[in-house]
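A quick write-up on the structure given underneath.
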There are 2 protein chains.
Amino acid sequence: MTLRQDIHSSGIPVPCLSCEARRRGVCGALEPDDLAQLAKTSSRHNIEPGVELIGDAEAVDCYSNVLSGVVKLTKSLSDGRQQIVGLQFAPDFLGRPFKMKSAINAEAATAVSLCSFPRAAIERMMKQSPEFVHRLLKQALNELDEAREWMVTLGRKTAPEKVASFLLMIARNIDSNVDPAAMSACFELPMTRADISDFLGITNETVSRQLTSLRMDGVIRIENNRRVTVDSMSRLERRCGGRGAIAV
Amino acid sequence: MTLRQDIHSSGIPVPCLSCEARRRGVCGALEPDDLAQLAKTSSRHNIEPGVELIGDAEAVDCYSNVLSGVVKLTKSLSDGRQQIVGLQFAPDFLGRPFKMKSAINAEAATAVSLCSFPRAAIERMMKQSPEFVHRLLKQALNELDEAREWMVTLGRKTAPEKVASFLLMIARNIDSNVDPAAMSACFELPMTRADISDFLGITNETVSRQLTSLRMDGVIRIENNRRVTVDSMSRLERRCGGRGAIAV
DNA sequence: CGCCACGTTGATAATGATCAAACCATGTGG
DNA sequence: CCACATGGTTTGATCATTATCAACGTGGCG
């Protein structure tokens, strides 16, 4: 009864109540009315690792919130060389407004759950809720910052620095319960060595070598290929190359 | 007479009348009233090459439209390694909404003219004009696409491919009067070899070698270090590595 | 004139790619 | 249960690309 009343008074659709996308994602911009309208057309999906979500040069007919898991965004050259140009974690918004065709490929790196909306529903929401567009802008600018951060890594860091930077980034994104100042962290890598190499612009052999090098030096422990423990975050940080921004 | 009436009825501020930012930039989103309001606080500046526009970790107190020239956005590691993470041409919007401090450095690569607005004016415009936010989103997404395109270049292309890709990008951006299908193009490089190397994640020596290699092969001519003529666009394209997107 | 910043060219070294083989965990069918 | 295939991973040997170091050219400018 209390529950029903809560729902009634707040007007927030039940599946949205505990959704991360409402707390930190784009849905946080929406009034209960808008949210209810959007929720009517939404659908949840559980995706297996490796499944392609958006094909390159494919028409985009839906947008999604990432609720859990990791999605990798890739671009490929015609001779097969591939580059991962972004990773999306919950509660990121997946999809490219204003473009009919996607120029990138989205694929589930881990098991992923999505909350998907038809294209038209998102477009309507963009028309009727300025705050929603505002949120989309914020997310786009964050992704832009991240992309540029990785451009520095791709263009100017050595292989050891690249791998260290990658581990640090994953540690900070995957395990949100680990606070940034923590001494150590333990987590599952969300992708294979080959994926990591496509992310860092190096070969999987080099990734492997750098990981064993970090292991030999006692910076990390590798439990079973995927599971990694960082014993000393500060030592890992020191291997990421110079600080991103020049100290003031 | 007809002209005066146009101006009067449209109510567009005089300096904005022939401004590229109104035709293709963010100001195109604004109604005459908004435009007039914004124009009151705007100021134009001519900047010399090499002048820093936004310092890393510096408070951002104004936003600008690029009216002419090229602005380079850079990020640096503390040991001096530098990466150019973006180039802005007219009529791009310069500045990072929602953040007090810039994480990147903006510097005039060529002579640049700007139309600048105080921070508060832009924030007000974002509140009162949803269409303006809409445009900012579009620009941010375009910059994101470009950044990701360059991630592929940085991570997966060889030095010769990088230099060819760079020339192609410049040819397409600088000389907007050259239609994309043109056979040849002639333009001024907007930056030094060192800048180009910071953009491509290679050394200036390598840039130089690849340029002479292209010159030897008759793909380009180098008039005087800065001035370049591409004799055959198609041959240049063929040296950029596989097509960005896999053909359908 | 000679300085200075930028650019080119050459010789050598190092980083990371490539090729190849072995390894390991996992799942499958005899 | 074990042989065996499979995909991902590790490790080693060798090679290629590109960085580094150094010298020289060139054009503008006090």
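So that the names make sense, note that chain A is the first sequence line, chain B the second, and so on, each numbered from 1.
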key: Step-by-step salt bridge (charged side-chain N to carboxylate O under 4.0 Å, His left out) determination, B/R239 to B/D217   = CA-CA 11 Å; B/R239 291 181 182 239; B/D217 295 355; 3.0 Å; yes
query = salt bridge (charged side-chain N to carboxylate O under 4.0 Å, His left out) between B/R96 and B/E143: does it pass, once the steps are laid out?
reply = CA-CA 12 Å; B/R96 170 67 164 90; B/E143 283 184 42; over 6 Å; no
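Put simply, CG on A/L200 is 13 Å from C1' on C/dG16, counting in whole angstrom units. Nucleotide C/dG7 holds its C1' atom 13 Å from the CG atom of B/L189, rounded to whole Å.
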ask   = What string of B, S and - do you get for nucleotides 5-22 of chain D, 5' to 3', when a contact is any protein heavy atom under 4.0 Å?
value = ----SBBBB----SSBB-
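Environment of CD in A/E223: crowded, with over 12 heavy atoms of neighbouring residues, nucleotides or ligands closer than 6.0 Å.
If you take CZ on B/R193 and OG1 on B/T206, they are separated by 13.0 Å, rounding to the nearest 0.5 Å.
Not a single donor-acceptor pair under 3.5 Å links the side chain of B/E48 to the backbone N or O of B/A111.
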